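I have placed the structure first, in the form of structure tokens, so that the comments after it can refer back to it.
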There are 2 protein chains.
Amino acid sequence: MPASASAAPSPDSRSAPDRTPASGPSSSGPTGALALAVDVGGTKVEAALVDSEARLVPGSRHRAPTGASSSSDEIADAVGRVIDETLTTLPPGSPLVGAGVGSAGPISAEHGTVSPLNLAAWRGFPLAGLVASRAGLDRAVLRLDGLCILLAEHWVGALQGCRTAMGMVVSTGVGGGLLVEGRLVGGRTGNAGHIGQLQILTRPDDSTGLDLDLTLENVASGPHIVAWARRQGFAGSTGEELAAAGRAGDPIARAAIRRSARAVGEGIASACALVDLEAVAIGGGFSKVSDDYVDLVQAAVDDVAPLSTIRGVRVVRSALSDEAPLIGAAGLIHRADLLP
Amino acid sequence: MPASASAAPSPDSRSAPDRTPASGPSSSGPTGALALAVDVGGTKVEAALVDSEARLVPGSRHRAPTGASSSSDEIADAVGRVIDETLTTLPPGSPLVGAGVGSAGPISAEHGTVSPLNLAAWRGFPLAGLVASRAGLDRAVLRLDGLCILLAEHWVGALQGCRTAMGMVVSTGVGGGLLVEGRLVGGRTGNAGHIGQLQILTRPDDSTGLDLDLTLENVASGPHIVAWARRQGFAGSTGEELAAAGRAGDPIARAAIRRSARAVGEGIASACALVDLEAVAIGGGFSKVSDDYVDLVQAAVDDVAPLSTIRGVRVVRSALSDEAPLIGAAGLIHRADLLP
């Protein structure tokens, strides 16, 4: 994927400017208490320290690969390793105020366990307990990664001030989180926001015949839309190649980009019929496939909206860098007032 | 439609037993303050007085036809007439504590206006103001009819005690309302809960070819499913005839009933992916088309659920009679604590 969206501020603009760990409150160092933030996905785990103004402590961000074929112990080791590395950057005299964990779903918020679709070795794995014990804390707060993204956008990103909104990621998968009437939505098990699992109708430019088991993710995600482009004759095999071909005006690449945006727009229209959203912020690697991706999504929403009121939803680009999942995980601690 | 569902209590069991207007607090009369409840739909408008325990004052319920081809004045006259008739039954010395109005959507909760899809003469019509002035009140509280149904189920029906749930109606149309984390959901404009506008995939028994503009309502509602059955060779033309044929074992009627339930199940599965619901209560005339309709919906949810967590949602029959829309409209006053 392209490295960053043109509309997004550079990561540095939101990081504390001091590149050495701060030793106490100062205008250039971390502000207030620090939270440990952990983000677990199908390809990698990341951890960082985040202050009460949503800034990552410079040097505290670490990552390790997870991987679909890894064993349970291998994934747990990776999680433990990035936490250890991150905690070595904790400024002396700065106690952790808590640990927040975002994870690919499904999860159980109540039990602190995770069963990520793309980490087959983890089914009902006690991730919250692992993080807490590794960090020397009594507990860690676990929520769906999509909810963390939404929390970050609502806290310091593109959805500040909204009461009813959705944060979305279009990347290897498609996920999201919901804010309703000013509160984050967990739902019965903590898995609200799985917009990638909405059913989607295929539309005009589908020349491959109709698949009757289509979810938004299975149409619009990076890997799925690249596979679709290849079936139309596209020679590349990555999202980056699709982005480059699209910029060069390749008609198949442009059709693929439009197809993904169209499906995302259809999903948002359905979400708006159900929840009547004010705004949707879209981030994630594939959303940067073209400068007009978010505009194409807005146009699709307006085109397919089954109710005129739905056309009032604002579709905007995420205002955060790829730090959003970590900022949101830290928000589980710093903005506990928003939690379901 | 059959008059009542086997699982639903009879209307009388929830009405105050005294059939004459009560003149004051008593064990058999209305309890506490009375609210004026008004429900406006595409075919009729109803009004009643409802006490603080969700019981209709006997004799206070009145209705008049509305109709898709009526003029704006004709519909307004019908609304005014049922309010007048209902207010004549107000017990002496019982002041109204307020007026709650449920309406077919879209609505604007903020402006108190309605633009019901099937009342073409009303676009941005100031319904809340009309009800308030006719009732001699400063204001009336207007919300979507689906939200009122959900409120009624949560207050005294099948969804008592739930934190995140949906109330649904499957009838001439398909609508609903959402409860999220203990609060009713209005959304940006007050139109949350329009589940009938979710996109739905057609499935196996569709022998008519694939329509790419399918919403849940356009597949599952009574009129649409009867039309589908007729295209398969069904000779009847009403939901009642379809119900009778289904009971007699007619295979086309059974296929039509299964098709409607399947679509409703698909819509619920998508709603659960997004909001992670605990329970869904289904009411409305067409939901009574067969004794097993709600069971068929639950089976469809379990079958199509794209996430294992979704299979935990409970699909139940409404516990309320056809008084639910009026009870919910009164709940806008008596249970104002739940309002968005």
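Letters A, B, ... mirror the listed sequences (proteins, then strands); counts begin at 1. Not measured: the values here are computed from a predicted model.
Put simply, of B:Ala305, B:Ser270, B:Ala273, the one with the most heavy-atom pairs under 4.5 Å next to chain A is B:Ala273. The candidate with the highest count of non-hydrogen atom pairs below 4.5 Å against chain A, out of B:Gly196, B:Gly193, B:Gly312, is B:Gly312. Most heavy-atom pairs under 4.5 Å with chain A, from the set B:Val185, B:Leu198, B:Leu277, B:Thr309: that is B:Thr309.
Taking CG of B:Leu147 as the reference point, atom CG of A:Asp276 lies at 11.0 Å (rounded to 0.5 Å). Rounding to the nearest 0.5 Å places CD1 of B:Ile310 at 7.0 Å from CD of A:Gln197. In this structure, CZ in B:Arg188 is found 7.5 Å from SG in A:Cys272, a value given to the nearest 0.5 Å.
Residue contact with chain B, scored on non-hydrogen atoms closer than 4.5 Å, involves the side chain of A:Leu178 exclusively. Of the two parts of B:Ile195, the backbone and the side chain both hold a non-hydrogen atom closer than 4.5 Å to a non-hydrogen atom of chain A. Looking at B:Thr164, only its side chain comes within 4.5 Å of chain A, counting heavy atoms on both sides. Heavy atoms of B:Val180 lying under 4.5 Å from chain A belong exclusively to its side chain. Looking at B:Leu216, neither its backbone nor its side chain comes within 4.5 Å of chain A, counting heavy atoms on both sides. Residue A:Leu274 touches chain B through both its backbone and its side chain, counting heavy-atom pairs closer than 4.5 Å. Within the 4.5 angstrom heavy-atom criterion, only side-chain atoms of B:Glu181, from C-beta onward, approach chain A.
Closest of all the heavy-atom pairs between A:Leu307 and B:Pro106 is CD2-CG, 4.2 Å.
Between A:Glu266 and B:Gln199, some side-chain heavy-atom pair lies under the 4.5 Å cut-off.
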